Structure formats: C-alpha cells, structure tokens
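First up is the structure itself, then whatever we jot down about it.
Treat the numbers as computed from the prediction; the structure is a model and nothing was measured.
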Amino acid sequence: MSKNAPVDPRGPRFSAWITSAILATVLLTGSWRLLAAQTVLFAMCAFISLKLNPWGHVYRFAVQPRITPTAVREEAAPLRFAQGVGFVFALVGTVGFATGLTALGMVATSAALVAALLNAAFGLCLGCEVFLVLRRRAPFLARPQSTPSQ
C-alpha cells in the first residue's frame with residue numbers, strides 16, 4: 001500500500017482525540033519530553049508515512065472492525081501536510097518548554113491542541129484546509145494531471 005493511499009476519515013479523527021489528550025496533558029504538566037515524543041510522531045507521519053501512527057494502528061485493529069464499514073476515503077496528502085503543521089507547532093512548543101520559555105511552549109502547544117480538538121470533535125482539519133487552499137494557488141502542490149494516451 002502506498003504511503004499516500006486514501007484513508008478512512010474516521011482514523012485521523014480517532015488519532016486526533018488521542019493527540020488532544022496528549023497535548024492537554026503537556027499543557028497541564030509542562031512536560032517537554034512528552035511534547036517531544038508527540039513532535040517525533042508528527043514528524044514520522046508527515047515526512048515518512050501516516051501508517052507509522054500508532055493510534056492509526058489502534059484504530060485499524062481495535063476500533064474499525066467493530067464499527068460499520070464505510071466506502072468514504074480521504075486523500076493522504078492533506079493529512080500528511082496537517083501532520084507537518086502539527087510538527088512545527090509541537091517543535092516550537094518543545095523548544096519553548098525545554099529552554100524555559102514557558103509562554104512560548106504554552107502558546108504553540110495550545111494552538112496545536114485547538115487544531116487537534118477541531119479535527120477530533122467536528123472533523124475540521126485546519127491543516128488539510130490550508131493544504132487545499134495552497135494547492136489551488138501553488139503549482140508544486142497540484143495533483144499530477146494524467147496525460148492522454150498516444
């Protein structure tokens with residue numbers, strides 16, 4: 001299966017709930033190590049493959065078999081872009097907490113938490129929406145166009 005294969009949209013929402021819990025825990029504890037672990041997870045999903053997300057595995061093996069199947073699929077590229085945006089905010093937050101710039105850590109982590117909660121609760125993926133806007137305006141993000149056979 002390709003790293004950009006379409007995904008069941010319920011999987012990223014499930015992952016967003018767990019990510020929200022992790023980010024809320026970071027805000028409550030100020031644990032830069034926990035945020036650093038989440039940063040690594042964002043990086044793996046954004047720059048390698050969504051299949052590396054452990055919460056996606058939990059969804060596929062523990063949740064998905066117990067719910068009604070769906071034929072609805074989402075493109076992976078916007079989700080990977082959103083993970084990249086999460087990576088940036090988590091990285092800034094990690095640096096903030098680790099260096100004693102607690103306000104920076106709190107603001108960056110709070111922004112990531114808001115985005116994760118919007119995705120989890122309402123299915124609104126802010127990073128995905130930004131990707132779609134950029135794709136319309138930036139040719140390097142455009143889908144490859146199929147050429148007619150000769």
Side-chain angles (χ1 to χ4, degrees), residues 1-138 140-141:
M1 182 174 282
S2 165
K3 70 180 183 179
N4 284 322
V7 298
D8 178 344
R10 299 171 299 179
R13 285 186 74 177
F14 176 82
S15 294
W17 278 116
I18 297 172
T19 300
S20 296
I22 291 168
L23 295 172
T25 301
V26 168
L27 288 173
L28 291 172
T29 65
S31 173
W32 69 267
R33 288 173 179 85
L34 180 57
L35 188 54
Q38 181 61 50
T39 304
V40 170
L41 184 57
F42 278 138
M44 291 184 334
C45 293
F47 305 120
I48 301 171
S49 175
L50 291 172
K51 295 285 183 189
L52 296 176
N53 187 335
W55 316 129
H57 289 288
V58 171
Y59 172 78
R60 277 190 298 282
F61 296 112
V63 177
Q64 193 174 34
R66 291 169 174 74
I67 58 178
T68 306
T70 181
V72 176
R73 295 288 180 258
E74 288 182 347
E75 284 184 67
L79 294 169
R80 292 186 64 200
F81 181 85
Q83 293 291 303
V85 172
F87 165 75
V88 170
F89 278 95
L91 182 62
V92 170
T94 300
V95 169
F97 282 120
T99 60
L101 298 170
T102 307
L104 177 64
M106 297 281 283
V107 168
T109 305
S110 295
L113 176 59
V114 167
L117 280 172
L118 283 171
N119 190 2
F122 303 108
L124 175 61
C125 175
L126 293 178
C128 299
E129 296 300 323
V130 169
F131 177 87
L132 296 174
V133 168
L134 289 175
R135 182 163 60 185
R136 277 184 245 136
R137 295 184 178 9
F140 64 89
L141 290 175

Donor-acceptor pairs are to be reported for all side-chain atoms of residues 107-120 against protein atoms at under 3.5 Å, with residues two or more places apart or in another chain.
{"unit_1": "T109", "atom_1": "OG1", "unit_2": "G105", "atom_2": "O", "d": "2.7"}
{"unit_1": "S110", "atom_1": "OG", "unit_2": "M106", "atom_2": "O", "d": "2.6"}

Got a donor-acceptor contact below 3.5 angstrom from the R13 side chain to the A121 backbone? yes
Result for side-chain contact (heavy atoms from CB on, under 4.5 Å) between V92 and one of L35, L104, L101 points to L104
Sub-4.5 Å side-chain heavy-atom contact between R33 and Q38: no
Check your understanding: E129 versus L124: any side-chain heavy-atom pair under 4.5 Å?
Key -> yes
ask   = Going through the distances and angles, do R73 and T70 end up as a side-chain contact (heavy atoms from CB on, under 4.5 Å)?
value = CA-CA 8 Å; R73 295 288 180 258; T70 181; 4.0 Å; yes
#### Entry: Salt-bridge present (E75, R135; N to O < 4.0 Å)
yes
**Item:** Check: A46 main-chain N/O paired with R80 side-chain donor or acceptor under 3.5 Å
**Value:** yes
Here the pair of heavy atoms bringing G56 nearest to S15 is N-OG, 3.7 Å
Query raised in the report: Under 3.5 Å, is there a donor-acceptor pair between the side chain of R66 and the main chain of A62?
Result: yes
Residues passing the side chain to side chain donor-acceptor pair (under 3.5 Å) test with T94, sequence neighbours excluded, are T39
Do side-chain atoms of H57 reach the backbone of L52 as a donor and acceptor pair under 3.5 angstrom?
no
Before giving the answer on side-chain contact (heavy atoms from CB on, under 4.5 Å), spell out for M44 and N53 the whole-Å C-alpha distance, their side-chain angles and the decisive distance to 0.1 Å.
-> CA-CA 8 Å; M44 291 184 334; N53 187 335; over 6 Å; no
R10 meets the side chain to side chain donor-acceptor pair (under 3.5 Å) criterion, sequence neighbours left out, with D8, Y59
Q.
I'd like to know if the side chain of S31 and the backbone of L34 have a donor-acceptor N/O pair within less than 3.5 Å.
A. yes
Is the shortest side-chain heavy-atom distance between L79 and E74 below 4.5 Å? yes
Practice item. Kindly say whether the aromatic ring centers of F42 and F87 come within a distance under 6.0 Å. Key: no
field: Exceeds 12 heavy-atom contacts within 6.0 angstrom, atom CZ of F89
entry: no
> Side-chain contact, heavy-atom cut-off 4.5 Å: W32 with V26?
Replying inline: no
